[in-house]
Amino acid sequence: MLDLTMVHSLDDVARRMLVELVRRLRLDGHEVELVDPESLLARVVITRSDGRT
């Protein structure tokens with residue numbers, strides 16, 4: 001689980017790093033749950049290894 005509850009802002013580099021982290025974990029077969037109450041990654045589509053978002 002990646003919990004961004006205490007995160008209130010992300011710059012572009014941090015956003016790209018988090019997206020890449022989630023992508024790589026999913027490619028390795030891990031299930032990733034994202035908790036993002038501030039919708040910090042709302043404008044980024046993260047695709048699962050099976051092609052679903």
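The basis for the numbers below is simple: all heavy atoms, side chains too, and nothing from hydrogens, waters or symmetry mates. In this chain, residues are counted from 1 in sequence order.
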| request: Return the minimal non-hydrogen interatomic distance between His8 and Leu40, and the atom names on each side. | output: O-CD2, 3.8 Å
| Residue pair Arg15 / Leu41: nearest heavy atoms and the distance that separates them | CG-CD2, 3.4 Å
| field | Option passing side chain to side chain contact (heavy atoms under 4.5 Å, CB included) with Leu25 (candidates Leu27, Val22, Leu21) | value | Leu21
| query | Can you tell me if Arg26 uses its side chain to pair, donor with acceptor, with the backbone of Glu31 under 3.5 Å? | reply | no
| message | As an exercise, state the distance from OG of Ser39 to CG of Leu4, rounded to the nearest 0.5 Å. | response | 10.5 Å
| message | Do the side chains of Glu20 and Arg16 get close enough for a salt bridge, i.e. N-O under 4.0 angstrom? | response | no
| query | If only atom types and distance count, is the side chain of Asp3 paired as donor or acceptor with the main-chain N or O of Thr5 below 3.5 Å? | reply | yes
| task | Indicate, with yes or no, if Met17 and Leu2 share a hydrophobic cluster defined by side-chain heavy-atom contacts under 4.5 Å among Ile, Leu, Val, Met, Phe, Trp and Tyr. | result | no
| Should Leu34 and Leu10 be regarded as members of a common hydrophobic cluster, given that ILVMFWY residues are connected when their side-chain heavy atoms come within less than 4.5 Å of each other, either directly or indirectly? | yes
